[in-house]
Each structure stands twice: as structure tokens, then as C-alpha cells.
Amino acid sequence: MTIEQDEIEKIAALARIRIDAGQIGEVTRRIDAILAMVEQLQAADTSGVEPMANPLDATQALRPDEVTEGNQRDAFQAIAPAVEDGLYLVPRVID
Amino acid sequence: MAYETVIGLEVHLQLATRSKIFSGSATTFGAAPNTQASAVDLAMPGMLPVLNEQAVRYAVMFGLGIGAQIGKRSVFDRKNYFYPDLPKGYQISQFDHPIVGRGSFEITLADGSTRDIGITRAHLEEDAGKSLHEDYHGQSGIDLNRAGTPLLEIVSEPDIRSAEEAVAYLKALHSLVTYLGISDGNMAEGSMRCDINISLRPAGSDTLGTRAEIKNVNSFRFVEKAILHEFERQSDILEDGGAVVQETRLYDAERDETRPMRSKEVANDYRYFPEPDLLPVVIDDAYIQALADALPELPVQKRHRFMQQYGLGGYDASVLSDSRALADYYEAVVERCGDAKIAANWVQVELLGQLNRSELDIADSPVAAGDLGGLIARILDNSISGKIAKQVFEAMWQGEGSADDIIEARGLKQVSDSGALASMVDEVIANNAAQVQQYLEADEGKRKKLLGFFVGQVMKLSKGQANPQMVNELLAQKLV
């Protein structure tokens, strides 16, 4: 076992994924199997290989600094569950 | 025990682009809520970021301004956390390949001394939206206009040792970025926001103590107060034999204290990974060189030039080179009047004093640089005394015209006619027999002091218009 159940619980909490108590053992076992495979990959010699940030052999195209988007608030807010004074309303977040 | 404060600052600088870093929405401040939030900023499914060239250019200009290594191949990463004003669930930022690497720049303290502060790195990222917690029926309101605004996060080395140095650093940074024109530097509108990392250690020690991080301090004054407060708090803990807890705190300006943020607000596990929607940004040497060639004279260079060319002290030079507008104004005054030191004095004391009292910016000064230079020229050619000049300056400030107009209209021209002055001197000597006697009996040291009395009397008689140097000479001749 390379990953413990409490780590799975922590990652799930950070990712806002709820895992039922009855399933947590099975999820842990399966992720552990994936990690075992990653471990096999890590056996490959990568010295001298530059870390890859993106699989495409290309670099970022840049766009000119121009305003191209107008105000479409009404269209976007038509599909929002709750809006007021132009704001999107969400469950209260306490500061 | 004496403690040394160790401070590192993280500044979030809003870059002065017209559109956002990854979308074509406007970045104008103060627009109605959500009218500048496009599908990309709202994280609608399938939307992809496209990087703004101007944000890259500004970041590189900053790097050149602090003599830093420019990341020729920089990579964007996702910083993951959940908050309603971050609709994607991650912020696009940079982690281990930032666009600006290590650099440093010079700050000037009030005594004119300078220090170099190291910059660890500066990276590009997007801003989040704004949450409004006033009562929307128990809910929070979200405005995503700010979401996607380009930020440059500038991280300093823990090189700062006091609140004064922290403020000097921020002022120098503000000066640099406004010279470069990469940010408006408007702190009231959140263009420069600061996180403070602060720890204490026994004076003379080389190891770092446990630090606290104070989030989101938004004015020079609050930075100073937050540091002073945090120094007291941490030194009390250490004096009592306790240990400082590593945590994130908020500065509460109203109560002038820092307090811990609730732990659930502190997501310190951001699970960074490379942003798959953006490719590495590659910058070539020609691009960097073209920007380097186009850089303006920067504040530190200007300060050094002012010291050399005009013979100013370090502090005066730093005040006068603080903004491009002020520096240009000062140089125009010098050009008109020809005396750099008197010009420095007038600009700093009279002009900046009036501007501060009137809460005006140098650009809005009612007295133009050429006119102030004209006034100083009249002091230099002995047309008026420094004291009268202050009256004339007041009148210029009120819009009564040029120095020459006012001197003429009010009949303020200094009396340098030796005949007229001699008769005033005679009158004063005749009217103050007792003091004359005292003067004649006094020794050399005391005489100097007593002479001042007679000069004052003559000045009073002339309504301040007598040439003080000539009065001094005449009195010395006659009082024998």
C-alpha cells in the first residue's frame, strides 16, 4: 500500500468529492493500483530528459491587447440560478 | 532580548492592459457588476484561455527594470482551490518556471542611505473576482469583472529589516512600475496589494524564526502599522518563552491588529500542475533586447544623475525622482532658474507642501514649472528676498499671474538702492540708541546676535523689501 485511506480522504475533501464511507476502501485500493503503475514508469531512466509542460511540440501564440468582448451579462445571467443587482448570488461564504 | 525583524513582501501588481490576461474583456475599473465578464472569465464549458501579449511585454519590462534573468521559456500552472469568486476552481498562475527570475533593486531611506533588496521572482497570473458579503438574503454576491485581470506577483527575498524599509521598498516599487508605465499603481483601486511575511530572531542570529503571513494589506500606512503590530505580538510571545505559530493572519485596520484567518479559509495545498490549456511561452533575445533598448530612464538612474548633475543629497534626489512627472517638473524649474539646489528646496518645501495640503497631484499644480523657475530667478537676481518670494508664490498659487506680474502689481521689488537703504538704516540707528550702546559695548560674539536686531528693524521699516545683504553691510559700516 503506497497511499493511505486518510490521504484519499484529504484529497477528496480538497477536490470537493464526496466518497461514501462504504466505498472509501475500494477507492483507496484502486488509486493505489494506479500509483503502482506510475511507480513502474518511474523506473525509467529520465536523466537528461527535459521535463515536458505540454505534449504538443509548439509554443504559445499571443493575442494583441484589444477588447473584443462586449457586455453579455443578460445572456449569461439568464441561465444563473440566482442574481441580484447584476451580481451572481451564491451560498454565503464567510470571511 | 533585542529582536531583529525579517520581512519578505509579496506584491500583487495589476498590469495596465486594456483587456484581460486570457480573454478579450475590458479591465476598466468601476464598471457595473459582471458587465466585463465574458464566457472565458465565467469559466463556461469549453472556453480556452489565449494569452495577452501586452501582459507578457509588461512582465519582461519589469524584469529588465530590476536587472533580472528573464524566463525565456515560462510555463503556466493551475493553482487549485475552491471559492465562488474563482469559477474555474483554479487560478492560472506560474509555479516553477516564472517569467521573471532573480533580480534586485535599490531603495532609499529617510537618512539618504540606500540598500539593495533582492527579488526572488515575479510571475504572471490572473486575478479572481470579488465577493460581496453584505446581506443578499443570507447569500453572497459575486462580481466577476476583476476575474482574469492580469497580475504580476513580485516576491522579495527576506531582505527587509524594518517597517520603514518595507515602506521604502513599496514606494520604490511603485515608482519603478509607474516609470515603466506597466501599472497605474493606484493603491486605492487595488492595483498594488501586499502580503507580508514576517518573523523575528534574536539580534545577531543567522537562522530564520517562524513566520506569520499577513494577507492583503493595501496601503503604505497599513503596511507600516501591520508590521509594527506584528513585531509587538511576536516579541511578546517570544519574551514569554512561547513559540510563534506559522499561520496566515489578516490585518484589521479599524482595530489596528492582526488576527488569524480561519483555518478553513487557508487552503495551503494548491496541488499545482502544468496548465494543459496553455503552451509554454517562449521569448527570444531579439524581443528582450528591443524592450531593453526602449526602457526609459528609471528612478534609480535618475536619482543618481540628480545627485551627480545637480549636487543633491540622496534623500532629496530620491524624493524628486519619485515620479516621472515630478522629476520633469523639477528639471524644468532648474532649467528656467539655473540653480538646482534652490530649485530642489522650493519644489520640495513650498510646492509639494501646497500640493499635499490641497491634495493635488503634481500634474494638476496651479503653478507651472516655468513660472516657479521665474520666481526663483527673481530671488537669485536680488529683485526680491526669499521671504517676499513666499508671498509671491501664494499669489501665483491663487492664479494672480507670473512672478514678475505680481512683483510689479504689488510693488514688491526689493530695495537695493543704497541711498534709500542708508536713510532707513540711519533712522533705525537713531531710534534705538540703547541697543546701539549695547552693541558697541558687546564683544564680537554677542555683536552678531545684536546685529540681527537691527537688520530686523530695517526689514520691518521696508516692509520686507530691503535687500538683506546690503542692509547687513550698511549696518556694519555705520555701527562703529
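Nothing here was measured: the structure is a model prediction, and the numbers come from that model.
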Note to self: Out of B:G141, B:P33, B:S38, return the one with the most heavy atom pairs under 4.5 angstrom to chain A.
What the structure shows: B:P33
Next item on the list: Report yes or no: do A:D65 and B:T17 form a side-chain donor-acceptor pair below 3.5 Å?
Entry: no
Next item on the list: Check each atom of B:A37 against the heavy atoms of chain A and say whether the ones under 4.5 Å are side chain, backbone, both or neither.
Entry: backbone
Item checked: Contact leader toward chain B among A:Q60, A:R16, A:E69, where contacts are heavy-atom pairs under 4.5 Å -> A:Q60
Check: With only heavy atoms counted, which part of B:T27 is less than 4.5 Å from chain A, the side chain, the backbone, both or neither?
Finding: neither
Note to self: Can you tell whether the side chains of B:D85 and B:R146 come within less than 4.0 Å, N to carboxylate O?
What the structure shows: no
Item checked: Members of residues 72-84 of chain A whose heavy atoms come closer than 4.5 Å to chain B -> A:R73, A:F76, A:Q77, A:I79, A:E84
Checklist line | Short N-O contact, B:K20 and B:D127, less than 4.0 angstrom | finding: no
Margin query: What part of B:L42 gets within 4.5 angstrom of chain A, counting heavy atoms only: side chain, backbone, both, or neither?
Written below: side chain
Next item on the list: Sort B:A55 into side chain, backbone, both or neither according to what part of it lies under 4.5 angstrom from a heavy atom of chain A.
Entry: neither
Check: Which bit of B:P276 is near chain A, if near means a heavy-atom gap under 4.5 Å: side chain, backbone, both or neither?
Finding: backbone
Notebook entry, point to check: chain A heavy atoms under 4.5 Å from B:R271: which part of the residue, side chain, backbone, both or neither?
Noted result: side chain
Check: Is any side-chain N of the basic residue among B:D277 and B:R78 closer than 4.0 Å to the acidic one's carboxylate O?
Finding: yes
Next item on the list: May I ask you to say whether A:E26 pairs ionically with A:R29, meaning some side-chain N is under 4.0 Å from a carboxylate O?
Entry: yes
Note to self: Within the 3.5 Å criterion, strictly below it, is a donor on A:Y88 or B:D143 matched to an acceptor on the partner's side chain?
What the structure shows: no
Check: Just wondering, are more than 12 heavy atoms of other shown residues or ligands nearer than 6.0 Å to CD in B:E247?
Finding: yes
Margin query: Quick check on the interface: out of A:N71, A:I11, A:D85, who has the most heavy-atom pairs with chain B under 4.5 Å?
Written below: A:N71
Next item on the list: May I ask you to check whether B:H97 and B:S74 show a side-chain donor-acceptor distance below 3.5 Å?
Entry: no
Checklist line | B:K88/B:E126 salt bridge by N-O under 4.0 Å criterion | finding: yes
Check: Quick one: of B:Q54, B:Q139, B:M44, who has the most non-hydrogen atom pairs under 4.5 Å with chain A?
Finding: B:Q139
Note to self: I need the residue from B:A32, B:G129, B:G89, B:A39 with the largest number of non-hydrogen atom pairs under 4.5 Å to chain A.
What the structure shows: B:A39
Check: Does the pair B:E125/B:K79 count as a salt bridge with the N-to-O cut at 4.0 Å?
Finding: no
Check: By a 4.5 Å heavy-atom criterion (distance strictly below it), what part of B:V56 contacts chain A: side chain, backbone, both, or neither?
Finding: side chain
Check: For B:I21, is it the side chain, the backbone, both or neither that has a heavy atom under 4.5 Å from a heavy atom of chain A?
Finding: backbone
Item checked: Under the side chain to side chain contact (heavy atoms under 4.5 Å, CB included) test, residues paired with B:V50 that sit two or more places apart -> A:R63
Next item on the list: Output yes when a side-chain donor or acceptor of A:D20 lies under 3.5 Å from a complementary backbone atom of A:G22, and no otherwise.
Entry: no
Check: Top residue by heavy-atom pair count (under 4.5 Å) with chain A, among B:S23, B:A31, B:P274?
Finding: B:S23
Check: Under 6.0 Å between ring centres, would you say that holds for B:Y90 and B:F82?
Finding: no
Notebook entry, point to check: Who wins among B:A26, B:S19, B:S131, B:G138 for the most heavy-atom pairs under 4.5 Å with chain A?
Noted result: B:S19
